[in-house]
S.K.: 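First, the structure itself, so that you have it in front of you.
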Amino acid sequence: MLNLPNFDDVSAAAERIKGYAHRTPVMTSRTVNKELDAEVFFKCENLQRMGAFKFRGAFNALSRFNEEQRRAGVVTFSSGNHAQAIALSASLLGMPATIVMPHDAPASKVAATKGYGGNVVIYDRYKDDREQIGRDLAQKHGLTLIPPYDHPDVIAGQGTAAKELFEEVGQLDAFFVSLGGGGLLSGSALATRALAPHCKLYGVEPEAGNDGQQSFRSGSIVHIETPKTIADGAQTQHLGNYTFPIIQRDVDDILTVTDEQLVECMRFFASRMKLVVEPTGCLGFAAARNMKAELSGKRVGVLISGGNVDLDRFCSLLLT
Ligand SMILES: *Cc1c(COP(=O)(O)O)cnc(C)c1O
């Protein structure tokens, strides 16, 4: 049996990240409240350090390293927000970080990761197995591997955003959270069940990659091919061994939205709320809009998970 993290772990993570992670703002919009005939609270993790909630989990995991682990450093495989979160956390804690990235990762992501002090190791997406490279590096140099979502300290750290939201706004009737591999959703679930036990909690995936919904409804982890969607932070192929049982136990349902709906939300956030939100960061709001009828008169939370999108890509998405 795995030792699943609980709300005490989320509270401990909140203490560890204090003074390092931003306590992100909760924003409201009269336009949104009118559209949904509800009171909607947006937790703005697009304004978190390095642009996404992932800093919370990465920093929490790295701050638990012992002296020997710190000296050798951390390794991870990711081309996305987790890479930058690990690189930044490691530099703040004064330890080396090795990030295994594909040869065709966007130059801006490689540059950002290097900019935070990360040591980037490039692999060939078509020939090499990135997890094997990560494990080999860990083994050879004594590095500690921190995966992007399936780790108790990562889950506990991600849960601190929802904890802050409930502490700030009080009880909610429904809460919508982006879902990839489930680190954010399972952490949010621990906070929700502890602080707002009656709140309906929904995970939201892109329609093209609904492995989480299939897993939730079938009762076991379903694996899929890398889905084709603009929500690059949710292109995961399966939930994790830690994240799935928590989601199964504490989440009310998993919903899906289309890429077109994500673009509509990006446009809305930019034009009405002056927020730059990446496609994956729009999952929660897109699902809330689809549930308009049920949400009338309710207090609703939406977690905006990230804002890292190249400006060129942002513009071209809005023009489609
Ligand atoms: C990683 C990520 C997600 C998905 O998080 P999981 O913990 O993998 O479910 C959602 N949104 C953004 C912006 C992300 O970077």
S.K.: Hey, what do you get for CZ (Phe175) to CG (Leu201), rounding to the nearest 0.5 Å?
M.R.: 7.0 Å
S.K.: Are Leu172 and Phe53 joined in one hydrophobic group, where the rule is that I, L, V, M, F, W and Y side chains link up if heavy atoms are under 4.5 Å apart?
M.R.: yes
S.K.: Hey, does the Lys NZ or Arg CZ of Arg130 hover above the aromatic six-ring of Phe77, less than 6.0 Å from the centre and inside 45° of the axis?
M.R.: no
S.K.: Could you tell me if the side chain of Gln158 sits less than 4.5 Å from the side chain of Tyr149, heavy atoms only?
M.R.: no
S.K.: With sequence neighbours excluded, tell me which residues meet side chain to side chain donor-acceptor pair (under 3.5 Å) with Glu131.
M.R.: none
S.K.: Tell me whether Gln237 contacts the main-chain N or O of Ile224 through its side chain, where contact means a donor paired with an acceptor under 3.5 Å.
M.R.: yes
S.K.: Taking side chain to side chain donor-acceptor pair (under 3.5 Å) as the criterion, tell me which of Asp128, Asp129, Asp136 meets it with Gln132.
M.R.: Asp136
S.K.: Would you say Phe59 and Leu93 make side-chain contact, with heavy atoms under 4.5 Å?
M.R.: yes
S.K.: Hey, any chance Leu137 and Met95 share a hydrophobic cluster, counting ILVMFWY side chains that come within less than 4.5 Å of each other, even indirectly?
M.R.: no
S.K.: Are Leu255 and Val277 co-members of a hydrophobic cluster defined by side-chain heavy atoms under 4.5 Å apart?
M.R.: yes
S.K.: I'd like to know if Leu143 and Ile122 are part of one continuous hydrophobic network [Ile/Leu/Val/Met/Phe/Trp/Tyr, side-chain heavy atoms within less than 4.5 Å].
M.R.: no
S.K.: Between the side chain of His151 and the main-chain N/O of Asp153, is any donor-acceptor distance below 3.5 Å?
M.R.: yes
S.K.: Is there a donor-acceptor contact under 3.5 Å from the side chain of Ser186 to the main chain of Ile247?
M.R.: no
S.K.: Of all heavy-atom pairs between Gly170 and Arg299, which one has the smallest distance, and what is that distance?
M.R.: C-NH2, 4.4 Å
S.K.: Using atom types as modelled and distance alone, determine if a side-chain donor or acceptor of Ser296 lies under 3.5 Å from a backbone N or O of Ala293.
M.R.: no
S.K.: Would you find a donor on one side and an acceptor on the other, under 3.5 Å apart, between the side chain of Asn6 and the backbone of Asp9?
M.R.: yes
S.K.: Just so I know, are the side chains of Cys199 and Gln171 near enough to count as touching, which here means a heavy-atom distance under 4.5 Å?
M.R.: no
S.K.: Within the side chain of Arg70, is there an N or O that forms a donor-acceptor pair under 3.5 Å with the backbone of Ser63?
M.R.: yes
S.K.: Does NZ or CZ of Arg289 fall inside the cone over Phe268's six-membered ring, less than 6.0 Å from its centre and within 45° of the axis?
M.R.: yes
S.K.: Hey, are the side chains of Leu88 and Leu92 touching, using non-hydrogen atoms and a 4.5 Å cut-off?
M.R.: yes
S.K.: Under a plain distance cut-off of 3.5 Å, with no hydrogens placed, do Thr258 and Glu207 share a side-chain donor-acceptor pair?
M.R.: no
S.K.: Okay, side chain of Thr76, backbone of Ile146: is any donor-acceptor separation there less than 3.5 Å?
M.R.: yes
S.K.: Do the side chain of His82 and the main chain of Gly57 share a donor and acceptor less than 3.5 angstrom apart?
M.R.: no
S.K.: Does the side chain of Glu39 come within less than 4.5 Å of Val169's, by heavy atoms?
M.R.: no
S.K.: Shared ILVMFWY cluster between Val40 and Met273, side chains joined below 4.5 angstrom?
M.R.: yes
S.K.: Could you go through Arg64 and Arg16, starting from their C-alpha distance and side-chain angles, then the distance that decides it, and tell me whether this counts as side-chain contact (heavy atoms from CB on, under 4.5 Å)?
M.R.: CA-CA 9 Å; Arg64 298 203 65 196; Arg16 283 185 206 106; 3.6 Å; yes
S.K.: Return yes if a side-chain donor-acceptor contact under 3.5 Å exists between Asn210 and Gln213, otherwise no.
M.R.: yes
S.K.: Would you say Arg56 and Thr160 are linked by a side-chain donor-acceptor pair, where the criterion is simply a distance under 3.5 Å?
M.R.: yes
S.K.: Would the number of heavy atoms belonging to other residues, nucleotides or ligands and lying under 6.0 Å from NZ of Lys140 be above 12?
M.R.: no
S.K.: If you take all heavy atoms of Ala234 and Leu179, which pair is closest and at what distance?
M.R.: CB-O, 3.5 Å
S.K.: Cut-off 3.5 Å, no hydrogens considered: what does the side-chain donor-acceptor table look like for residues 308-319, sequence neighbours left out?
M.R.:
residue	atom	partner	partner atom	Å
Asn308	ND2	Met50	O	2.8
Asn308	ND2	Asn81	OD1	2.8
Asp310	OD1	Ser108	OG	3.1
Asp310	OD2	Ser108	OG	3.3
Arg313	NH2	Ile230	O	3.0
Ser316	OG	Asp312	O	3.4
Ser316	OG	Arg313	O	3.1

S.K.: State whether the number of non-hydrogen atoms from other residues, nucleotides or ligands found under 6.0 Å of Lys292 atom NZ is greater than 12.
M.R.: yes
S.K.: Look at the rings of Tyr202 and Phe176 and say which category their plane angle falls in: under 30° parallel, 30 to 60° tilted, over 60° perpendicular.
M.R.: parallel
S.K.: Could you tell me which non-hydrogen atom of Gly203 sits nearest to which non-hydrogen atom of Val251, and how far apart they are?
M.R.: N-CG1, 4.1 Å
S.K.: Which is it for Leu184 and Leu303 under the side-chain contact (heavy atoms from CB on, under 4.5 Å) test, yes or no, and what are the steps along the way?
M.R.: CA-CA 10 Å; Leu184 181 63; Leu303 202 154; 4.0 Å; yes
S.K.: How long is the span from the CD atom in Glu264 to the CZ atom in Phe285, to the nearest 0.5 Å?
M.R.: 10.5 Å
S.K.: First locate atom CD of Gln48, then atom NZ of Lys43, and finally report the distance between them rounded to the nearest 0.5 Å.
M.R.: 8.0 Å
S.K.: Taking the side chain as C-beta and beyond, is there a heavy-atom pair between Glu260 and Val263 under 4.5 Å?
M.R.: no
S.K.: After noting the C-alpha distance and the side-chain angles of Leu47 and Ile304, does the key distance pass the side-chain contact (heavy atoms from CB on, under 4.5 Å) rule?
M.R.: CA-CA 9 Å; Leu47 303 177; Ile304 299 178; over 6 Å; no
S.K.: Could you check Glu45 against Thr24 for side-chain hydrogen bond (donor to acceptor under 3.5 Å, both in side chains), going step by step and ending with a plain yes or no?
M.R.: CA-CA 6 Å; Glu45 287 296 300; Thr24 52; 2.6 Å; yes
S.K.: Is the backbone of Gly212 close enough, under 3.5 Å, to the side chain of Glu205 for a donor and an acceptor to pair up by distance?
M.R.: yes
S.K.: Would you compute the distance between atom CD1 of Ile155 and atom OG of Ser188 and round it to the nearest 0.5 angstrom?
M.R.: 11.0 Å
S.K.: Between Glu68 and Arg71, does at least one N-O distance fall below 4.0 Å, as a salt bridge requires?
M.R.: no
S.K.: With a sphere of 6.0 Å drawn around NE2 of His198, does it hold more than 12 non-hydrogen atoms of other residues, nucleotides or ligands?
M.R.: no
S.K.: Are Pro206 and Leu283 side-chain neighbours, meaning at least one heavy-atom pair lies under 4.5 Å?
M.R.: yes
S.K.: Show every side-chain hydrogen bond (donor to acceptor under 3.5 Å, both in side chains) that has at least one partner inside residues 242-252, sequence neighbours left out.
M.R.: Arg193-Asp252
S.K.: Say you draw a straight line from CD of Glu294 to CG of Asp173; how long is it, rounded to the nearest 0.5 Å?
M.R.: 12.5 Å
S.K.: Between Ser11 and Lys163, is any pair of side-chain heavy atoms under 4.5 Å apart?
M.R.: yes
S.K.: If you apply the rule side-chain contact (heavy atoms from CB on, under 4.5 Å), what do you find for Leu275 with Phe42, and how did you get there?
M.R.: CA-CA 11 Å; Leu275 292 175; Phe42 293 98; 5.8 Å; no
S.K.: State whether Arg272 and Glu35 are salt-bridged, where the test is any N-O pair (Lys NZ or Arg NE/NH1/NH2 against Asp/Glu carboxylate O) under 4.0 Å.
M.R.: no
S.K.: Measuring from atom CG of Leu36 to atom CE of Met291, what distance do you get when rounded to the nearest 0.5 angstrom?
M.R.: 10.5 Å
